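Written out below as structure tokens is the structure these notes cover.
The model shown is predicted, which means the values in this text are computed figures rather than measured ones.
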Amino acid sequence: ENWRIEASAGLRSRWYEDYYDEKRRDVRPSAGLGVYWSPDWLKKIVKRSELSFNLDFYRNNSNIAEKNYTLWCTAARF
């Protein structure tokens, strides 16, 4: 049986010179974590198959208060 853990981090920025007559600056950090399992019994049925669970986080920091937000996303894949 095979287990794997993957993690990632990112940072994006967006600069709008004219966003509805305002200057808008966004900074968006993100992070992700995935756990993957490839059991032998499943690989016998479908080669290179795996089961996974993923968790992702996104945060948007903007100079326009109503454009600030946080997202948490989860996914289970078979």
Side-chain angles (χ1 to χ4, degrees):
E1 299 191 7
N2 185 12
W3 285 90
R4 186 174 83 247
I5 297 175
E6 294 181 3
S8 64
L11 183 65
R12 296 179 69 182
S13 63
R14 296 183 283 196
W15 297 71
Y16 303 95
E17 289 301 318
D18 185 14
Y19 183 81
Y20 298 102
D21 297 324
E22 291 186 72
K23 288 187 178 186
R24 179 177 171 183
R25 306 292 182 251
D26 291 2
V27 177
R28 187 177 192 192
S30 63
L33 179 67
V35 178
Y36 303 86
W37 180 40
S38 298
D40 292 334
W41 60 266
L42 184 58
K43 289 191 285 188
K44 288 179 183 176
I45 299 169
V46 179
K47 290 183 181 182
R48 295 178 281 168
S49 57
E50 62 187 13
L51 305 173
S52 69
F53 177 77
N54 301 84
L55 177 64
D56 296 304
F57 168 79
Y58 302 95
R59 172 78 180 126
N60 195 73
N61 299 298
S62 180
N63 65 311
I64 300 174
E66 61 267 12
K67 299 300 180 184
N68 292 326
Y69 60 87
T70 300
L71 293 175
W72 287 93
C73 304
T74 59
R77 296 183 180 98
F78 305 99

Could you list the residues that satisfy side-chain hydrogen bond (donor to acceptor under 3.5 Å, both in side chains) with N61, not counting sequence neighbours? R59

Please give the remaining members of the hydrophobic cluster of W15, linking ILVMFWY side chains under 4.5 Å, ordered by chain and number. none

Side chains of residues 25-35: which donor-acceptor pairs under 3.5 Å do they make with residues two or more places apart or in other chains?
unit_1 : atom_1 : unit_2 : atom_2 : d
R25    : NH1    : Y16    : O      : 2.9
R25    : NH2    : E17    : OE2    : 3.0
D26    : OD1    : R24    : NE     : 3.0
D26    : OD1    : S62    : OG     : 2.7
D26    : OD2    : R14    : NH2    : 3.4
D26    : OD2    : R24    : NE     : 3.0
D26    : OD2    : R24    : NH2    : 2.7
D26    : OD2    : N60    : ND2    : 3.4

Can you pull out every salt bridge (charged side-chain N to carboxylate O under 4.0 Å, His left out) where at least one residue sits in residues 3-12? Sequence neighbours excluded, please. R4-E6, R4-E50

Sorted by first residue and then second, give each ring-ring contact (aromatic ring centres under 6.0 Å, His included) pair with at least one member in residues 43-69; sequence neighbours left out. F57-W72

What's the shortest heavy-atom distance between S49 and S38, and which atoms? O-OG, 3.3 Å

Consider only side-chain heavy atoms of I, L, V, M, F, W and Y, link residues closer than 4.5 Å, and tell whether Y20 and I64 are in one cluster. yes

Can you list everything that forms a side-chain hydrogen bond (donor to acceptor under 3.5 Å, both in side chains) with K23? Sequence neighbours excluded, please. none

Should W37 and L42 be regarded as members of a common hydrophobic cluster, given that ILVMFWY residues are connected when their side-chain heavy atoms come within less than 4.5 Å of each other, either directly or indirectly? yes

In chain order, what residues pass the side-chain contact (heavy atoms from CB on, under 4.5 Å) check against R77, with sequence neighbours excluded? S52, N54, A75

